[in-house]
Every structure is written in C-alpha cells, then in structure tokens.
J.: 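The structure's right below; bear with me while I get my questions together.
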Amino acid sequence: NIKYKILKQEFVHSNSVSAEVISFSYEDQTDFTASNDHNFDAESIVVFNDNLLIFSKNRGDLKTNVYQIPKTTGNYSAIKVSTFNAEGFITGATYNVGDDSFMLSGYSSSGTPFLLYVSNDRNSGNDLFNNGAVKIDLTPDIGPSQIEGITFFNNERYYLSRGEVNVNGANFPPKLY
C-alpha cells in the first residue's frame with residue numbers, strides 16, 4: 001500500500017505538487033489472494049500523536065482494525081493496535097483535537113449508515129477501542145446510504161459525504177451532510 005503526503009497549501013495554491021511517499025504492508029496479512037471477502041481494505045486514515053492511524057474496512061468479518069505507521073517518508077510494517085466489531089464497513093474517520101475524540105463513518109451490508117464515536121474516555125495510547133465505542137444509526141436522519149467519508153469541522157460539527165446508492169429500486173444521489 002502506498003500513501004502520498006503533500007502540503008495542503010501547495011495543493012490549494014499551485015497547479016502541481018510534490019509528494020513524499022509512505023508505503024506500508026500489514027503486519028498480520030499473510031494471504032494475498034484476490035478476494036471480495038478479505039480484511040485488508042482501508043479507506044480511512046487520521047493523524048494522531050505523530051503517527052498515521054489506518055482504519056480497515058473488513059469485508060470478511062465486518063470489524064475494523066486500527067493500524068499504526070509513522071507519518072514520515074519510508075516503508076513500514078503497519079502494526080495492529082486496536083480492533084472493534086463495527087458490524088459494517090468503515091469508510092471514513094476523523095480526529096477531533098479539541099476534545100480528543102474520534103468519529104468514524106460507515107454502513108452495514110444492508111445499507112444502514114452509521115457513526116462510531118470514540119470518546120476521550122479511554123486509556124492512553126493507540127488502542128482506541130479499549131473502552132468501546134458508541135454506534136449511532138443514521139437511517140432515521142438520512143435513510144439508507146453508503147456513507148463514504150467524514151471530517152471534523154468545528155464546534156462538534158462534522159461533514160458526511162454519501163455516494164450514490166440504489167436500494168430496492170430507489171436511487172439516492174450523492175450528498176453532503
């Protein structure tokens with residue numbers, strides 16, 4: 001896996017950017033057979049305590065694993081530091097530095113959108129799920145959705161993005177919440 005590190009101001013103010021390369025492999029992945037039921041997909045990454053935390057989107061067991069690598073250029077073995085039974089696919093994560101909490105977004109295999117809130121009421125270190133998480137069903141607010149991302153905005157506000165989804169013949173277009 002390869003991640004590219006760029007300066008935000010270069011991206012915003014220039015037509016080209018230079019990137020540092022951070023590559024990694026998962027310390028616990030031994031089978032590299034192509035499959036739709038593997039546990040080594042990832043769509044979510046946050047910066048935390050001078051590291052990158054990668055949240056897996058486990059298609060096989062519907063859990064999320066948290067892997068840690070340094071946020072500096074290099075080639076690393078991503079170390080698994082936490083696991084949580086999300087009962088769905090984690091597709092976004094953000095860190096709220098103001099209250100030291102994490103908010104993850106995702107959806108179940110049946111299209112139920114949800115959030116996972118990880119408060120600052122946890123032991124120190126990177127085992128984020130050592131005190132559990134609060135799961136919030138978003139179906140009453142936004143209906144069946146394939147939530148694809150989340151970011152912290154301010155004052156405990158977050159932006160969510162939804163990809164286009166078709167459920168039982170009904171089409172739900174992409175949307176920002």
Side-chain angles (χ1 to χ4, degrees), residues 1-17 19 22 34-48 52-67 71 82-122 128-129 132-177:
N1 291 302
I2 298 176
K3 303 295 178 206
Y4 296 98
K5 179 180 172 182
I6 64 170
L7 293 174
K8 287 181 185 177
Q9 64 189 51
E10 270 188 38
F11 178 76
V12 172
H13 300 292
S14 179
N15 290 332
S16 64
V17 296
I22 301 171
S35 167
N36 287 331
D37 292 328
H38 61 84
N39 291 330
F40 297 98
D41 192 0
E43 296 181 7
S44 310
I45 190 168
V46 298
V47 175
F48 181 67
L52 297 177
L53 297 181
I54 302 160
F55 296 82
S56 66
K57 176 182 173 182
N58 291 12
R59 297 175 185 276
D61 63 15
L62 303 180
K63 295 179 181 179
T64 188
N65 298 319
V66 183
Y67 293 88
K71 67 177 187 177
S82 195
T83 299
F84 185 76
N85 186 4
E87 298 176 353
F89 309 117
I90 297 301
T91 56
T94 191
Y95 175 64
N96 180 338
V97 68
D99 70 0
D100 188 33
S101 68
F102 292 83
M103 189 76 79
L104 284 66
S105 61
Y107 60 94
S108 72
S109 56
S110 63
T112 301
F114 63 85
L115 298 174
L116 288 180
Y117 175 70
V118 182
S119 75
N120 62 1
D121 185 23
R122 59 185 188 279
L128 302 182
F129 295 112
V134 176
K135 190 169 187 176
I136 304 160
D137 182 350
L138 296 176
T139 306
D141 300 311
I142 63 176
S145 293
Q146 188 168 317
I147 296 298
E148 291 294 342
I150 186 169
T151 191
F152 172 71
F153 180 60
N154 66 15
N155 298 327
E156 299 180 1
R157 292 179 184 213
Y158 297 84
Y159 283 119
L160 286 170
S161 63
R162 170 179 78 192
E164 182 176 1
V165 64
N166 294 298
V167 178
N168 299 326
N171 183 291
F172 297 90
K175 190 169 183 178
L176 181 65
Y177 296 95

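Note that the structure is predicted; figures quoted are calculated from it, not measured.
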J.: Using modelled atom types and a 3.5 Å cut-off, is there a donor and acceptor pairing between side-chain atoms of Arg162 and backbone atoms of Pro173?
T.: yes
J.: Can you check side chain to side chain contact (heavy atoms under 4.5 Å, CB included) on Phe129 and Val118, steps first, answer last?
T.: CA-CA 7 Å; Phe129 295 112; Val118 182; 3.5 Å; yes
J.: Can you establish whether the number of heavy atoms outside Asp99 located under 6.0 Å from its atom CG is more than 12?
T.: yes
J.: Are any of the side-chain heavy atoms of Tyr95 and Val47 separated by less than 4.5 Å?
T.: no
J.: Measure across Gly106 and Ile147 and return the closest heavy-atom pair with its distance rounded to 0.1 Å.
T.: O-CB, 3.9 Å
J.: Show your working on side chain to side chain contact (heavy atoms under 4.5 Å, CB included) between Phe55 and Glu43 and close with a plain yes or no.
T.: CA-CA 7 Å; Phe55 296 82; Glu43 296 181 7; over 6 Å; no
J.: Could you check whether any side-chain N or O of Asn39 sits under 3.5 Å from a backbone N or O of Gly60, counting only pairs where one atom can act as donor and the other as acceptor?
T.: yes
J.: Distance check, rounded to the nearest 0.5 Å: Phe102 atom CZ versus Phe48 atom CZ?
T.: 4.5 Å
J.: Residues in ring-ring contact (aromatic ring centres under 6.0 Å, His included) with Tyr177, at least two apart?
T.: none
J.: Measure the OG-CD distance between Ser109 and Glu87 for me, rounded to the nearest 0.5 Å.
T.: 10.0 Å
J.: Using modelled atom types and a 3.5 Å cut-off, is there a donor and acceptor pairing between side-chain atoms of Asn96 and backbone atoms of Ser101?
T.: no
J.: Enumerate the residue pairs fulfilling salt bridge (charged side-chain N to carboxylate O under 4.0 Å, His left out) with a member in residues 163-177, sequence neighbours excluded, ordered by first and then second residue.
T.: none
J.: Using 0.5 Å steps for rounding, measure from the CZ atom of Phe40 to the CG atom of Asn58.
T.: 7.5 Å
J.: Quick one: does Leu52's side chain get under 4.5 Å of Val46's, heavy atoms only?
T.: no
J.: Counting C-beta onward and ignoring hydrogens, is there a side-chain heavy-atom pair between Asp100 and Arg122 closer than 4.5 Å?
T.: yes
J.: Could you pull out all residues at least two apart from Ser110 that satisfy side-chain contact (heavy atoms from CB on, under 4.5 Å)?
T.: Ser108, Thr112
J.: Rounded to the nearest 0.5 Å, what separates atom NZ in Lys71 from atom CD1 in Ile45?
T.: 11.5 Å
J.: Quick check: closest heavy atoms across Phe89 and Arg59, and the distance to 0.1 Å?
T.: CE2-CA, 3.9 Å
J.: Which atom names give the shortest non-hydrogen contact between Leu128 and Ser82, and what distance separates them?
T.: N-OG, 3.4 Å
J.: Any side-chain donor paired with an acceptor under 3.5 Å for Ser35 and Asp37?
T.: no
J.: Residues in side-chain contact (heavy atoms from CB on, under 4.5 Å) with Thr94, at least two apart?
T.: Met103, Ile150, Thr151, Phe152, Tyr158
J.: Where do Thr139 and Pro113 come nearest, in terms of heavy atoms and distance?
T.: OG1-CD, 3.4 Å
J.: For Pro140, which residues count as a side-chain contact (heavy atoms from CB on, under 4.5 Å) partner, sequence neighbours excluded?
T.: Asp137
J.: Would you confirm whether Thr64, through its side chain, and Ser56, through its main-chain N or O, come within 3.5 Å as a donor-acceptor pair?
T.: yes
J.: Check side-chain contact (heavy atoms from CB on, under 4.5 Å) between Val134 and all other residues, then give those that pass, not counting sequence neighbours.
T.: Tyr117, Ile136
J.: Less than 4.5 Å apart, any side-chain heavy atom of Ser145 and any of Leu138?
T.: no
J.: If you measure from CG on Asp41 to CG on Asn36, what distance do you get to the nearest 0.5 Å?
T.: 10.0 Å
J.: Hey, is NZ on Lys63 packed in by over 12 heavy atoms from elsewhere, all under 6.0 Å?
T.: no
J.: Just how far is it from atom NZ of Lys57 to atom CD1 of Ile90, taken to the nearest 0.5 Å?
T.: 10.0 Å
